[in-house]
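Some notes on the structure that comes next.
So that the names make sense, note that chain A is the first sequence line, chain B the second, and so on, each numbered from 1. Only a predicted model underlies this, so the values are computations on that prediction, with no experimental measurement involved.
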Amino acid sequence: MPHKIVSKRRLSEDVFTAEIEARLVAQARKPGQFVIVSLNNEYGERIPLTIADAEPKRGTIRLIWQRVGKTTAELADMQAGDEIANVTGPLGKPTHVENFGTVVCVGGGIGNAPLLPIAKALKKAGNKIISILGARNKELIILEDEFAAICDELIITTDDGSYGRKALVTEPLEEVCRRDNKPDQVVAIGPAIMMKFCCEVTKKFNIPTQVSLNTIMVDGTGMCGGCRVEIDGQAKFVCVDSPEFDGHKVNFDLMIKRLNAYKDQEQEAYEQYNEHRCKIGLDKRNAE
Amino acid sequence: MTDKERQELLQRLLEKQKDGGLKPADRYEIPPQDMPEQDPVERARNVNEVATGYTETHARLEALRCLQCKTAPCIKGCPVKIKIQDFIAAVSEGDFKKALTIIKENSLLPAVCGRVCPQEVQCQQTCTVGLKFKDPTKAVSIGRLERFVADLDQEEIIPTVAPNTGMKVAIIGSGPGGIVAAADTRRAGHDVTLFEAFHKTGGVLVYGIPEFRLPKSIVQKEIDVLTKMGVKIVCNFVVGRTRTIEQLMKEDGFDAVYIGVGAGLPRFMGIEGESLVGVYSANEYLTRANLMKAYDFGSGADTPIARSQKVAVTGGGNVAMDSARTAVRLGAEKVYLVYRRTEKEMPARIEEVHHAKQEGVEFHILQSPKRVIGDENSHVTAIECLKYRLGEPDESGRRRPIPIEGSEFQIDVDTVIIAIGNIANPLIRQTTPGLEFNKWGNIVVDENCKTSLEGVYAGGDIVSGAATVILAMGQGRIAASAMNKYLAEKSDCNKPC
Ligand SMILES: Cc1cc2nc3c(=O)[nH]c(=O)nc-3n(C[C@H](O)[C@H](O)[C@H](O)COP(=O)(O)OP(=O)(O)OC[C@H]3O[C@@H](n4cnc5c(N)ncnc54)[C@H](O)[C@@H]3O)c2cc1C
Ligand SMILES: Cc1cc2nc3c(=O)[nH]c(=O)nc-3n(C[C@H](O)[C@H](O)[C@H](O)COP(=O)(O)OP(=O)(O)OC[C@H]3O[C@@H](n4cnc5c(N)ncnc54)[C@H](O)[C@@H]3O)c2cc1C
Ligand code: SF4
Ligand code: SF4
Ligand code: FES
């Protein structure tokens, strides 16, 4: 069943958001869950994207994605009114939400998208929320207003200092951990390497840290094992054992290498697609 | 035998039959008809079906080999009890339509089963002709005949559907069990919806068993029949996540449910290095290749798969053979099949083993990986194996493999495919309170495939563990007939007295 794009916006150079019709997913979804999207029934790749928000009454979900390869680029070239062939979900276990006390939410780049619904839910559960949002530059900081609306404290960092503090997110994270009223819980979502270093910081302070792993997936239901990661030396399937794990137990180095398994081929597919879109003038369409 | 000789032989036999019949001795003399197939070198480079199918002459000759045993011991070997001797008699008479009608009384998917049933341990194992030659491969080729008549059937026969009963049935999973359960409950006039987690229907028939063994178009044809019968098909619907069984029954008005979600979760070996880049479960490898058509990557398909030079597949079942033969077709130079017992103990079908060898798969028997070795980028470079010997038979009756201490050696490979079986997916278990499971996570059912929950039935691999297509079909059928009975009683109760 095709899913209509109700509206679409560009959030930054490479980040896009769309509201998509998916009534059942919108009704069932809980913070932390994701959908698998594919754009073509015969040949389309199945990619996981977090449900950033949902309007159960309208029957829509919001996706936010970064253009990194063929499928995310193709999605970025679609417009309101276009239809997405397949949207499956909600998948993964919902985030465990309770009143921990003070929670630090660390988002890196596109990680802000999956982080937002979790931060919202944690706030609703009565937590004090300190958010640290980081990106390479000002352009890439997304959803700042949405976070500002729910945070008790908001810290922004950029690698190049074009906005907020010139730092990596781990710097303010460490400072917050040193405070007298040490945070009770940390949630970190972003590139694997960022999550890895965040966990190294919080481990020193013994603060429980949840991370959301963005492994490569195929089915998203536990059938293929392609999404497996090593947690405490044990193989776990990200899609069924939940995308969220105790960050102190994740073997990030191996996960990062598995993420790059198809780098060359992905590159090729992306280049092919770019050639194709230039030919048919899609670039212009998106610029409008 | 040339085509001409074959035709002449058939003519002679048919005349002799007219003149007074064929004696068993005459029938034993007819050479078993081999299945025509693509040349091994040729087919290793394409994904087209390997076995190209009997001609009419092949089929009638093969059918004449059947002794028409009064007790038909072959039927005992068939899980769905097809009237084998009757359909074969019809084939020998050249009445293929009649043959198909007989088969369809018991089996809804003869084109599928004729191709993938492990006949040598089912119907053909008990066939008198095979016993006479002490060789199940010389039995009457029941499966090939079934495939022949099913393939001839070009016009689609849409089964008649009884008038609407007003009862709603949900079928979860579109594997062979689900397809049959959907057809049988729909025939009884219920409003049937088939829910599938993937974007395509067919279950293992489309994502597991490769095109070269079972063309997808055959499965699609069966699905089209369901649609024409009025079965509603909903893809991308993960029961337990999109809606739970409880919601389907309490909120969405479904009166009965069939669970046919298959065996889902791949097993890994638990050895060092199993998460390295280049190690796949057979499920992932086959899904990327089959369902996502990774063999067309770069010319249409968006899903990549390893570009392997040297592949090791561990396991000895059909899944292992399918993985190895898929790796050959994806261009690997060397494909090794590593199995800890001997060929005799391999659960794979004899035909698959034979085909794999023909296509150049190298068998490493009495060996098993101890760890996977990778380079600094965590890419697989080799497997370290242990040698094994066979000890006393274990519970399965097969001789137990015993590792030989200190026999470690390495095989250079860049890809490893783990094909040692599946276990039950926990999703339904986690989301369906009150449903009873056994200690392996399989759903517990009674002889009617009824579960511990009222109105909920189950069959196929989620009940029996990884089994066969025909068993799943058989259970789909049993469940559907129990559901039809349950729903008839339920609708009687609903009527004002
Ligand atoms: C549970 C889950 C939730 C996710 N949520 C979001 C989200 O809300 N927004 C979003 O933009 N992305 C999200 N991702 C990542 C997203 O799935 C990938 O970016 C996407 O699959 C890339 O597809 P592609 O065809 O465009 O690029 P590809 O050609 O497949 O890949 C291009 C580059 O991206 C890297 N890559 C590939 N797959 C992934 C992946 N799964 N995660 C990270 N990097 C990857 C590759 O290493 C490669 O360098 C999520 C991933 C998971 C597992
Ligand atoms: C590679 C391979 C080769 C094989 N070769 C042979 C052979 O040669 N001969 C033979 O007889 N058998 C063979 N088998 C075994 C045979 O395919 C299975 O026994 C049979 O398909 C089981 O049927 P099933 O009805 O249980 O469903 P399956 O075919 O397992 O299908 C289950 C379906 O349910 C869907 N599903 C799962 N969870 C959910 C959910 N929560 N909601 C909705 N849908 C869901 C799945 O996506 C899938 O489509 C092979 C198996 C494999 C993997
Ligand atoms: S369905 Fe399978 S077991 Fe039964 S007769 Fe046909 S091939 Fe043999
Ligand atoms: S057992 Fe063999 S020979 Fe006898 S009826 Fe069956 S198929 Fe024919
Ligand atoms: S994506 Fe296939 S098991 Fe998780």
In terms of heavy-atom contacts, A/R228 and B/E284 come closest through NH1-OE1, 4.4 Å
Comparing A/M255, A/Q272, A/E230, A/R258 against chain B, the one with the most heavy-atom pairs below 4.5 Å turns out to be A/R258
When the 4.5 angstrom heavy-atom criterion is applied to B/Q247 and chain A, the contacting part is neither
Turns out that what part of B/T287 lies under 4.5 Å from chain A's heavy atoms comes down to side chain
Value for NE2 (B/H379) from NZ (A/K257), rounded to nearest 0.5 Å, stands at 9.0 Å
- Query: Does A/E83 CD have over 12 foreign heavy atoms under 6.0 Å away?
  - Reply: yes
Whatever's closer than 4.5 Å to a heavy atom in chain A on B/Y207 counts as side chain
Next item on the list: Just do the side chain to side chain contact (heavy atoms under 4.5 Å, CB included) check on A/F237 and B/L265 with the steps written out, would you?
Entry: CA-CA 10 Å; A/F237 294 1; B/L265 225 62; 4.0 Å; yes
Given A/A85, A/G220, A/G226, the one with more heavy-atom pairs under 4.5 angstrom with chain B than any other is A/G226
When the 4.5 angstrom heavy-atom criterion is applied to A/Q234 and chain B, the contacting part is neither
Assert top hit (heavy-atom pairs under 4.5 Å, partner chain A, pool B/L291, B/V279, B/L286) equals B/V279
Rounded to the nearest 0.5 angstrom, the CZ-CG distance for B/R241 and A/L24 is 15.5 Å
Q.
Under the criterion side chain to side chain contact (heavy atoms under 4.5 Å, CB included), I'd like the reasoning laid out for A/L91 against B/V238: C-alpha separation, chi angles, the key distance, then a yes or no.
A. CA-CA 8 Å; A/L91 300 170; B/V238 183; 3.9 Å; yes
Note to self: Has B/N236 got a side-chain atom pairing as donor or acceptor with A/N86's backbone, closer than 3.5 angstrom?
What the structure shows: no
- Task: Measure from the side-chain N and O atoms of B/S275 to the backbone N and O of A/V229, and report whether any donor-acceptor pair falls under 3.5 Å.
- Result: no
Nearest heavy-atom contact between A/R46 and B/F198 is NH1-CD2, 3.3 Å
Whatever's closer than 4.5 Å to a heavy atom in chain B on A/V35 counts as neither
From the list A/P90, A/A28, A/G233, the residue making the most non-hydrogen contacts under 4.5 Å with chain B is A/P90
So, the part of A/K30 with a heavy atom under 4.5 Å from chain B: the answer is neither
Item to complete: Give the intermediate values and the outcome of side chain to side chain contact (heavy atoms under 4.5 Å, CB included) for residues B/V277 and A/L254.
Response: CA-CA 9 Å; B/V277 180; A/L254 188 58; 5.9 Å; no
Assert top hit (heavy-atom pairs under 4.5 Å, partner chain B, pool A/S38, A/G222, A/C224) equals A/C224
If one checks every heavy atom of B/R307 against chain A at 4.5 Å, the contacting part turns out to be both
Rounded to the nearest 0.5 angstrom, the CD-CD distance for A/Q27 and B/E251 is 9.0 Å
One should read off an interatomic distance between A/D219 CG and B/R288 CZ, to the nearest 0.5 angstrom, of 10.0 Å
**Prompt:** Are more than 12 heavy atoms from other residues, nucleotides or ligands located less than 6.0 Å from atom NZ of B/K168?
**Reply:** yes
Cut-off 4.5 Å, heavy atoms of chain A, and the answer for B/E376 is backbone
